[in-house]
Amino acid sequence: MTVPESTYRVQLRPEFTFADAAGIAGYLRELGVGALYASPVLDATPGSTHGYDVVDPTRARPELGGEDARRELSAKLKEAGLGLVVDIVPNHMSVEVPKANRFWWDVLTHGQDSRYAAFFDVDWARGPILLPVLGDDDAVAELSVEDGELAYYDHRFPIAPGTESGTPQEIHERQHYRLIGWRRGNAELNYRRFFDITNLAAVRVEDPTVFAETHGEVLRWVADGDVTGLRVDHPDGLADPGGYFRRLRENAPGAWIVAEKILHPGEPLPQSWPVDGTTGYDALREIAGVFVGPAAEPAFTELANELGVKTGYHRVEAEARRLVTDRILVAEVRRIAALLRDVDAEQARQAVAETMIAFPVYRSYLPEGAAHWAAAIAGARQARPDLAGALTALDAQVRAEPGGELATRIQQTSGMVVAKGTEDTTFYRYTRFAALNEVGGNPDRFGLGVEEFHRLAAEREAGYPAAMTTLTTHDTKRSEDTRARMAVLAEVPGEFAEAVRRWTASHGIDEPSLNLLAWQTLVSTWPIEPARLRDYLDKAAKEAKLRTSWTDHDEAFEAAVAAWPGKVVNDPDVAAFVARIERPGWSNSLGQKLVQLTAPGVPDVYQGTELWDFSLVDPDNRRPVDYAVRRELLERIAGGELPEIDASGAAKLLVVHKALKLRQEHPALFRGYRPLRAEGVAAEHCLAYTRSPDLAVAVTRLPVGLEAAGGWRDTVLPLPDGVWTDVLTGRDATPDLATLFERYPVALLVRGDA
């Protein structure tokens, strides 16, 4: 099996193609990376900036350079000694531009007689496919026939053979689809989609024919040795994730396979999945959490309550999930409820909705994970005792037929409810301390203790040593350095609370949760351009769905939010506060990065984050990366320069380069895991461990508290016998932490001539 020592994620797009990725192969090799990890590379919606909207899984994307450029990239990576990990999207394909997707176009043309009718999860019993693309239902009068196709503004749809004559409206009525107003989609859609995105139609990869057609090209690349690893997007949307991974493994036995599976704290990865681990959100939660001081929780709760921000996490989450079941995924819930036998339709709908609202994890995988299913039923019964009969019937039918359509669809959809209700709604409403509001995060738990971190790291090494670990992805709500600086707020909760009160009095946003989120965002990304902050807050406000949303706009509120950044980004009081937390934030950034790069798992570096990167949620985190600056700094560091810890971020590049090079050149050092414990008055501020007997890692945590208490003083880190050298500085290591951390707040130690 080809397990990379590390990966480097790049976001391919028309402005950064296969050729551009090939152009950084040498830089990545010098940085110490083991494999280039690419966003989806198959043909996608024209102009797509992310590639998750695949339209043709049988060819490399022409806008990235097509097959020839893909081959050249593969050759360049092999020449540099790098693997290639590609992101694949089995759950859905884009139908936004119908003609761009020949499978969908054929289905619209021929209906159930299409050779691709089984490709998409369509409820044919409910009649023609409903396409919610019109401004409103009256817009059907604006249809025309152009070049033998039915046209609505710039949208075109096929005309079924034999139905070409008549008025556009008459032709429309004879097609295998109906164009309807976009607002009807959530309630009436009769094909499964990705979350609430109607232009991403779900694909039935559980069908072996569909799997072969949609995976054949990528699997050919694997067989040819061009692709060494696969990252699988959103497996929770599949009918049978375990069966899918078993088929994928059979067809790619030597590939490194990681699943984008979001694990709740304490939730294990299904042991029947033949994968190497997750894409690392569980590791992110643990690594970021150990740099958050739990003592600040009461102060942040008090501030949130004072400002009017709700602090009952589970109540906020339940309200958000109910919003999803009752207003956003209505069609999906009704389709599931119709499968429940001998229960009143409305009772069935409510029982299904309450069960998904109560899920303690994203989904169950019956018969595996039966305890999670039982917990969901128990939670639904507690919330709605009046639905006892319907819930009993639901539980009985699902348990009796774990492979049946009812069980399958409710499991597929529960993940959508959790993700949409929690990640995309609750995380923008429950803003008490936003550093915890991360994919796979646990916002109601303030931080993670050192001993628990050690236990979880040891478990990863024992169970999934080849799992990916990450701190930043294209889906994170904020980048690692943004989160690291935000974590400093937990060390100065009183100062921050007083500042927020002062700032809110002069420039508050008239919605409490967004107001508190905005101030946390401002200080953690400073100095941020007003336009970037404006776009982020606009998205945050619409995702929260409190004062405005993507579909129902409060124009006056949105205008006020848009004007806010211009009023605050140059505030000297804010600048002075940031100056107070900036250096501790850098310390946190270096600490969590070294931990991620050296702890159990395969570390991924998200594009550009080898320097400071204060990004926010997408599309902000997909901005272009200046590789010329990074090459120049890397050349100096490789030449022996030890940069200062300053705004350039060169110190972070040093840490990334030295750790990755060590993994690249001496992989045997990164095996095993054993805690190291500091001794002395400041011991709690040190996180340390060994991997092999000849490799040790030590980092600083909670740096503000450390400084306030007088520094390291007599605190020591007892090391195993031998002469130890800090790879970062080249200096001999000493147990005295004040000396060990004299230059940098982190240390990467090797013993002897290892």
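Residue numbers count from 1 along this sequence.
The closest side-chain donor-acceptor pair between E217 and T58, if any, does not fall under 3.5 angstrom. In this structure, a donor-acceptor pair under 3.5 Å is absent between the side chains of T279 and E260. Under the 3.5 Å distance criterion, with hydrogens and angles disregarded, a donor-acceptor pair is assigned to the side chains of Y37 and R9. Between Y281 and T473, the side chains place a donor N or O and an acceptor N or O closer than 3.5 Å (distance only, hydrogens not considered).
The backbone N or O of L130 lies less than 3.5 Å from a partner atom in the side chain of N190, making a donor-acceptor pair. One N or O on the side chain of S479 and one on the backbone of D613 form a donor-acceptor pair closer than 3.5 Å. With hydrogens and angles ignored, the 3.5 Å screen pairs no side-chain donor or acceptor of N101 with any backbone N or O of D56. Here the side chain of R409 pairs no donor or acceptor atom with the backbone of R335 at under 3.5 angstrom. The backbone N or O of G243 sits less than 3.5 Å from a side-chain atom of D240, completing a donor-acceptor pair. Between the side chain of D147 and the backbone N or O of E149, no donor-acceptor pair lies under 3.5 Å. Although no hydrogens or angles enter the test, the distance criterion places a donor-acceptor pair under 3.5 Å between the side chain of H172 and the main chain of L179. Here the side chain of T413 pairs no donor or acceptor atom with the backbone of I410 at under 3.5 angstrom. Checking side-chain atoms of T163 against main-chain N and O of I171 turns up no donor-acceptor pair under 3.5 Å. The closest donor-acceptor contact from the side chain of Y191 to the backbone of T198 lies under 3.5 Å.
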Open item on the list: Run D226 and R70 through salt bridge (charged side-chain N to carboxylate O under 4.0 Å, His left out) and show every step you take.
Closed with: CA-CA 9 Å; D226 292 347; R70 184 200 66 79; 3.3 Å; yes

Task: Chi angles and distances behind the side chain to side chain contact (heavy atoms under 4.5 Å, CB included) call for Y606, Y8 - done: CA-CA 6 Å; Y606 184 76; Y8 186 98; over 6 Å; no

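Heavy atoms from other residues, nucleotides or ligands lying under 6.0 Å from CD of Q271 number 12 at most. Within a 6.0 Å radius of NZ in K76, other residues, nucleotides and ligands contribute 12 heavy atoms or fewer.
With respect to the salt-bridge test (charged N to carboxylate O, under 4.0 angstrom), the residues R623 and D620 qualify. Between D87 and R231 there is a salt bridge, since at least one side-chain N of the basic residue sits less than 4.0 Å from a carboxylate O of the acidic one. We find that R193 and E332 are joined by a salt bridge, their nearest charged nitrogen and carboxylate oxygen being less than 4.0 Å apart.
When every heavy atom of A100 is checked against every heavy atom of P46, the shortest pair comes out as CB-CD, 4.3 Å.
Rounding to the nearest 0.5 Å gives a distance of 10.0 Å between CD of E405 and CD of Q397. The distance from the OG1 atom of T49 to the CD atom of Q11 is 8.5 Å, given to the nearest 0.5 Å. Taken from CG in L12 to NE2 in H50, the straight-line distance is 13.0 Å, to the nearest 0.5 Å.
Both the sub-6.0 Å distance and the 45° axial angle are satisfied by R663 relative to the ring of F670.
Here the side chains of E267 and H372 are in contact, with some heavy-atom distance below 4.5 Å.
E213 is linked by a side-chain hydrogen bond (donor to acceptor under 3.5 Å, both in side chains) to nothing, counting only residues two or more places apart in sequence or in another chain.
Looking at D53, N199, T45 one by one, the single match for side chain to side chain donor-acceptor pair (under 3.5 Å) with S94 turns out to be T45.
Relative orientation of the Y52 and H474 rings is parallel, given thresholds of 30° and 60° on the angle between their planes. Using cut-offs of 30° and 60° for the angle between ring planes, the F119 and Y116 rings count as perpendicular.
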